[in-house]
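Reviewing the structure listed below.
By convention in this document, chain letters (A, B, ...) are assigned in the order of the sequence lines, proteins followed by strands, and residues within each chain are numbered from 1.
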Amino acid sequence: MAKRIDVSDLNIYYGNFLAVEGVNVSIEPRSITALIGPSGCGKSTFLRSINRMHEVIPGGRVEGKIVMDGQDLYGPDVDPVDVRRQIGMVFQRPNPFPTMSIYENVAAGIRLNAKKMKKSDLDDLVERSLRGANLWIEVKDRLNRPGAGLSGGQQQRLCIARAIAVEPDVLLMDEPASALDPISTLAIEDLMADLKERFTIVIVTHNMQQAARVSEQTGFFNLNGVGQPGRLIEFNPTEKIFSNPDEKATEDYISGRFG
Amino acid sequence: MSSTRTTPPSPAGTGRSVRRPGDRVFAGTAKGAGILILVILAGVAAFLVVEAVPALTAPAEDIPGDRGLAGYIAPLVFGTLLAAVIALLVATPLAVAIALFIAYYAPRRMAQGLGYLVDLLAAIPSIVYGFWGIFWLAPKLVPFYEWLERRLGFIPLFAGPASTTGRTMLTAGLVLAVMILPIVSAISREVFLQVPSLHREAALALGATRWEMIRMAVLPYGRSGVIGGSMLGLGRALGETMAVAIVLSVSGGITFNLISSGNPSTIAANIALEFPESSGIDINTLIASGLALFVITLAVNMLARAIVNRRADFSGAN
Ligand SMILES: Nc1ncnc2c1ncn2[C@@H]1O[C@H](COP(=O)(O)OP(=O)(O)O)[C@@H](O)[C@H]1O
Ligand SMILES: [Mg+2]
């Protein structure tokens, strides 16, 4: 079930280095929110703070609040493991488990939840997830082959299938198509349009056309200089960002007149 | 500006014929080293075979023990394998646990210290392990063996009578386990640390706990490395001489009874103990047992390779 996310006064650190400062934003359920901005401005860092993957990095910590449908994700008695089970993530580089088959990759998250599931139910769920990721037809005859044997685009869709198999509330995607060819990229974009019916999607992208094509809301991150923290400069409906942004910096970035 | 002439780029298609000197030197060195290894191996094998022939053809009563060559070597082979297998069964899980702790659980400072400590174990000469085994470990284990005999005596492994000195097959195996622990855990630690963060994060992002992350991403990825390390350890355990020669109380033949004082010796320890007082056919017999050890070690290595290759396309190396 898709959920909304409210971020308030979020600061994100690597050790003593303040990487992202003062983010305030509300992310709507059943929509796609795109995050754009130049390299190094903290898009990935912000995305990873939403599912508490940021703190996996030694020294990684945050200040401020992220609330998902009323639940404070950084509350004192919240287990990050539970947060990650509710908020799925797709990484920039496809990362199927190399030692697992296609089938096992998709089933990996369900196995974690330790729910005993009948073989036939699990088969159904794997099929449903692979269909959901538009991959079923390509792999249905080789489910027991290694996931690492697929093409890059197929691997990325396998990772999406793996993420949606556990029915998360939110799906985070960090430049999911940046390592892929144009055809695979289109396949992933089509897929996102389907997925937003069921999930809240936040996508980081380098590609402004992609943001314009797929998202309802767009956030623009920027930083004033090297060593300065990144900030969310503007957050608006995608149409507005790309036609008539509030901020000069946004307009400069979008029209390519940057730096 | 400058008068030096640049060499024209070689036209495409003739790349095969253009060999840079560096490439040629490297290829030659690599090939030479490979051939050298084969020559040494063949030399050792040839020596063992030639020197073993007199024992292989001698009548049974000329062989020490009067039971023929097979009768002489069989208990030694058995003892060698038994001691090494005990060592492996004890050391591998322990080594993997230590490696996981150092790689993923210990705070960084402590991990480094522990790593050094384990590596240090590898630098201790085996004779020291032998003395440690006979003077410290063996007496300490005597009450434990008596307990095993009393409580678990119905299992043939612990049938007893429990040794009063503690110099048993189990003690020898445990000493060997400590000896191979550093190599197995060092190699395991290295492969565990090499698991790409991409795969570890994939597991964590699915909501894996640290232990689940290790089971999903680290152990499968490190599996072939752990097997490789264990096989190196097994090689060391099979060939270990001094520690076993000192610790193990030898008398008797093939038995699975691990806690009594009647144990088969191992090939290497037996050679070390018998060689000084041997001459003539006795020496050929010892060398024949050495040939058996050589074959066992080769077989173990091939087996390990087969295990590692069995699921090569799932190995994560691609
Ligand atoms: N693991 C890390 N350790 C320390 N600093 C990091 C780490 N990852 C990213 N950073 C820093 O955080 C800032 C934001 O990086 P990132 O979120 O990756 O930017 P983006 O995804 O927008 O390109 C950069 O200054 C980067 O150098
Ligand atoms: Mg990034």
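Contact of A/Leu172 with chain B is not made at all, since no heavy-atom distance falls under 4.5 Å. For chain A, the nearby part of B/Arg108 is the side chain; its heavy atoms alone come within less than 4.5 Å. For A/Arg48, the part sitting under 4.5 Å from any heavy atom of chain B is the side chain, from C-beta outward, and nothing else.
The number of heavy-atom neighbours closer than 6.0 Å to CD1 of A/Ile137, taken from other residues, nucleotides and ligands shown, is 12 or below. More than 12 heavy-atom neighbours from other residues, nucleotides or ligands sit within 6.0 angstrom of OH on B/Tyr105. The environment of A/Arg4 atom CZ is dense: over 12 non-hydrogen atoms of other residues, nucleotides or ligands sit within 6.0 angstrom. Counted within 6.0 Å of OH on B/Tyr116, heavy atoms from surrounding residues, nucleotides or ligands total 12 or fewer; the atom is thus considered open. Atom CZ of B/Arg24 has more than 12 heavy atoms from other residues, nucleotides or ligands within 6.0 Å.
Within residues 56-84 of chain A, the residues having any heavy atom under 4.5 Å from a heavy atom of chain B are, by residue number, A/Val56, A/Pro58, A/Val81, A/Arg84.
When all heavy atoms are compared, the tightest approach of A/Met100 to B/Met216 is CE-O, 3.9 Å. Between A/Asn95 and B/Leu198, the closest heavy-atom pair is ND2-O, 3.1 Å. Of all heavy-atom pairs between B/Tyr221 and A/Thr99, the closest is N-CG2, 3.9 Å.
Counting heavy atoms from C-beta on, the side chains of B/His199 and A/Pro98 come closer than 4.5 Å.
Note on A/Gly88, A/Pro168, A/Ala108: by heavy-atom pairs under 4.5 Å with chain B, the leading option is A/Ala108. Here B/Ala203 is the residue among B/Ala217, B/Ala203, B/Ser197 with the most heavy-atom pairs under 4.5 Å with chain A. Chain B forms the most heavy-atom pairs under 4.5 Å with one residue out of A/Gln92, A/Met89, A/Arg162, A/Gln86, and that residue is A/Arg162.
To the nearest 0.5 angstrom, B/Met213 atom CE is 11.5 Å from A/Leu112 atom CG.
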